[in-house]
Amino acid sequence: MASELEQANSTERGGFLVLLLLVTIVLALVVWPFASALLWSMLAAIMFQPLYQRILSRWPTHPSRAALGTLAIIIVAVVVPAILIGSAVVRQSIALYSSMREGELDLPGLFSSFHSALPVQLQQMLDNSEYGEFSAVQQGLEQFAKESIGLIAQQAVAIGGSAFAFVLSLGIGMYVVYFLLRDGMSIGSSIGNAMPLPRDVAQRLSDRFTLIIRATIKGSVVVGLVQGALGAATFWAVGVPSAILFGVLMAIFSLLPALGPAIVWIPVALYLLVTGAVWQAVAVTISGVALIGMADNVLRPILVGRDTGIPDWMILVTTLGGIATLGLSGIVLGPLAAGLFLAGWAIYTEQRDGLPVT
């Protein structure tokens, strides 16, 4: 009788778990169109939780007011500048692509000037290299430049065409941020208690989750934005067109080690040099080496503070893979997956060897 009762209870529990899994899958499918907005809402709530706690200390009996004040700061300091910069990037990318298609930007003449500015020995080496005649290299570079700028312009038009979806996602994201700021601590605690894991393991993974998110955003996104802003300011000061567009590209390329933003400012400096803007080329080079290049070395230790425990090569691979798979969200989700992977296997090894989970 007891065994039959245990079997019935096991069957009921199994059925309940299946139902719970199905409901979870259905919910995921329902909210999937807004997955990116919900992800960035969660990231914003985690990053600005200390600010919310500071405001809440002034109004301890008004958590809703504190959350609303924090949300207003997020909108003014992050959302509005992001929209303004995005609009400028859209305009500049379309204008640059149009000038290339209509021949206003003379790429053949630019490459010929660069070729002529090289020493005679380098010209001969380039012409006689395995890559063939310089004209073939020139055509390849021209095609690459047109396709790259064209892709940016197409993405810009696509974003502009889905303005309603963008506004809707932005509104939902800000609405969710408000509640995550106010109730995020209790929601996180409830999720941790509901996870089918030992409490110490769930707590360790939760701490790791928060650490990696903050370190990734501070160490990659913030540093990239600073380097991009310095680059855009430098280009604007020397009169380079589409300065904001190039600054955004520098912020993106800052994710790559070694060269990073130099992938953008070195060609700009060469362009200025071959077009006769010598002092502008020198100014861009000095800024690239002394300001933009050093920003990463100075800011990253200050912002990140302690090491995430993820090897640099894994951060690079997971970041690029995340961007290729998930778009902009992959900047955070890639390293996050790597960090949880390493933490999970470390916990498993400790449990297998009978060591305490620390």
Side-chain angles (χ1 to χ4, degrees), residues 33-52 67-96 151-181 213-236 242-255 261 264 292 295-296 299 303 319 322-323 326-336:
F34 304 102
S36 180
L38 295 177
L39 170 65
W40 287 102
S41 298
M42 179 192 66
L43 299 180
I46 292 175
M47 292 301 301
F48 287 93
Q49 186 64 216
L51 176 61
Y52 166 74
L68 190 61
T70 307
L71 181 61
I73 294 175
I74 294 174
I75 292 175
V76 173
V78 179
V79 176
V80 173
I83 292 176
L84 294 177
I85 293 174
S87 300
V89 169
V90 169
R91 293 194 303 270
Q92 293 183 2
S93 61
I94 294 176
L96 184 59
L151 179 61
I152 296 174
Q154 291 174 7
Q155 294 297 322
V157 172
I159 294 173
S162 58
F164 176 76
F166 171 76
V167 173
L168 181 61
S169 297
L170 179 62
I172 292 176
M174 293 297 98
Y175 186 71
V176 173
V177 167
Y178 168 79
F179 287 101
L180 290 180
L181 286 170
I213 284 179
R214 288 178 175 169
T216 301
I217 293 179
K218 289 181 180 180
S220 297
V221 178
V222 174
V223 173
L225 290 176
V226 171
Q227 291 182 310
L230 291 173
T234 301
F235 295 152
W236 174 81
S242 305
I244 296 179
L245 172 62
F246 289 126
V248 171
L249 291 176
M250 289 181 65
I252 296 174
F253 282 115
S254 68
L255 298 171
V264 178
I292 301 170
D296 181 80
L299 291 178
L303 293 174
T319 299
I323 294 174
L326 303 170
L328 188 61
S329 302
I331 296 176
V332 177
L333 292 182
L336 176 61

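All residue numbers in this chain count up from 1 along the given sequence.
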Which of Val177, Leu336, Leu333, Ile213 passes side-chain contact (heavy atoms from CB on, under 4.5 Å) with Leu43? It is Ile213
Interatomic distance, [X] atom [atom1] to [Y] atom [atom2] [nearest 0.5 angstrom]:
X: Leu170; Y: Ile75; atom1: CG; atom2: CD1; answer: 8.0 Å
X: Ile292; Y: Leu230; atom1: CD1; atom2: CG; answer: 6.0 Å
X: Ile244; Y: Leu249; atom1: CD1; atom2: CG; answer: 12.0 Å
X: Ile74; Y: Leu51; atom1: CD1; atom2: CG; answer: 7.5 Å

How far apart are the closest heavy atoms of [X] and [Y], and which atoms are they?
X: Tyr52; Y: Ala67; result: CE1-N, 3.4 Å
X: Val76; Y: Pro81; result: O-CD, 3.2 Å
X: Ser254; Y: Gln227; result: CB-OE1, 3.0 Å
X: Phe246; Y: Val264; result: O-CG1, 3.9 Å
X: Val226; Y: Ala295; result: CG1-CB, 4.5 Å
X: Leu180; Y: Gln49; result: O-NE2, 4.1 Å

Worksheet item: Tell me, do Ser169 and Phe34 make a side-chain contact under 4.5 Å, heavy atoms counted?
Response: yes
